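Comments concern the structure below.
Numbers restart at 1 for each chain; the letters A, B, ... are given by sequence-line order, proteins then strands. Note that this is a predicted model, so its numbers are computed, not measured.
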Amino acid sequence: MKYRALHSWDVKPEEARQLQNELRSQVIQTDRFGTINTVAGVDIGLKKDTAIASVVVLSFPELQVVDSVVTESPVRFPYIPGLLSFREIPPLLTAFTQLQTIPDLVIVDGQGIAHPRRFGLASHLGLILDKPTIGCAKSRLWGRYKEPDTEQGAYTYLTDKEEVIGAAVRTRTNVRVVYVSIGHRISLDSARTWTLACCQGYRLPETTRHAHNAASGKTP
DNA sequence: GCGACAG
DNA sequence: ATCTTGTCGC
């Protein structure tokens, strides 16, 4: 799979924040995709100074693995809250390049626009790949919300001031919520719906679970 | 100055 | 993210 180079990755934290502010306007927050037959999950695992990137493509709605790639590359940017994409995207692009099946939608383990500059990992990756992406994080980075009901499917909005930047979604009864936000080329309602559609009895989407296992050396 | 802080 | 075993609760 090919992608477009929007900028250099050899940047300092200050330059990275500037780039986020320059690229944020290019994020499309409405549905711009056709039939979804495949959904991919991506994740990064770390072993010392090596990043293990994984991309796993699942069929929809069967949610069966149809393609999977795992690559290793050196970590070249530190973890700084708000700048995660500059650390994880380079390794992820290496993996995407080797993918045989181009996914119709990508669910990312991190935030989309639920970010201080509205340009989290999912949005950044979506722009580069020019693909619909959803941010589905296990914990909150930005925004406030009220805890939704404990029933599966319940949700409340994540907001910053008066602006809705995402949703706290209960993917199954009695589990902590996941933070869903627009990545690119998708609306928040669709992002929430597709995330729930990819959950099969676990808190996290099957895409995320498969990608996480692949990036941490497992077989299940 | 004091917290908060995706993975 | 990663270091790490058993254990409490649905």
Connected hydrophobic set around A:Val70, excluding itself, where side chains approach under 4.5 Å: A:Ile52

Between the protein and nucleotides 1-7 of chain B, which nitrogen or oxygen pairs are less than 3.5 angstrom apart?
from, atom 1, to, atom 2, distance (Å)
B:dC5, OP1, A:Arg140, NH2, 2.4
B:dA6, OP2, A:Tyr79, OH, 2.3
B:dA6, O3', A:Ser139, OG, 3.4
B:dA6, N7, A:Gly82, N, 3.1
B:dA6, N6, A:Gly82, O, 3.0
B:dA6, N6, A:Leu83, N, 3.3
B:dA6, N6, A:Leu84, N, 3.1
B:dA6, N1, A:Leu121, N, 3.1
B:dA6, N3, A:Gln111, N, 3.0
B:dG7, OP1, A:Lys138, N, 2.9
B:dG7, OP1, A:Lys138, NZ, 3.3
B:dG7, OP2, A:Ser139, OG, 2.7

Flag the pair A:Arg172 and A:Glu151 as a salt bridge only when some basic side-chain nitrogen lies within less than 4.0 angstrom of an acidic carboxylate oxygen. no

Verify the ring-centre separation between A:Phe60 and A:Trp194: is it less than 6.0 angstrom? yes

Across the strands shown, which category fits A:His212 at heavy-atom distances under 4.0 angstrom: base, sugar-phosphate, nothing? sugar-phosphate

Salt-bridge criterion met for A:Asp130 and A:Arg185 (N-O under 4.0 Å): yes

Between A:Asn174 and A:Ser216, the residue closer to the 5' end of DNA chain C by nearest nucleotide is A:Ser216

I'd like to know if A:Asp49 pairs up with A:Arg76 as an ion pair, taking the criterion as any Lys NZ or Arg NE/NH1/NH2 lying under 4.0 Å from an Asp or Glu carboxylate oxygen. no

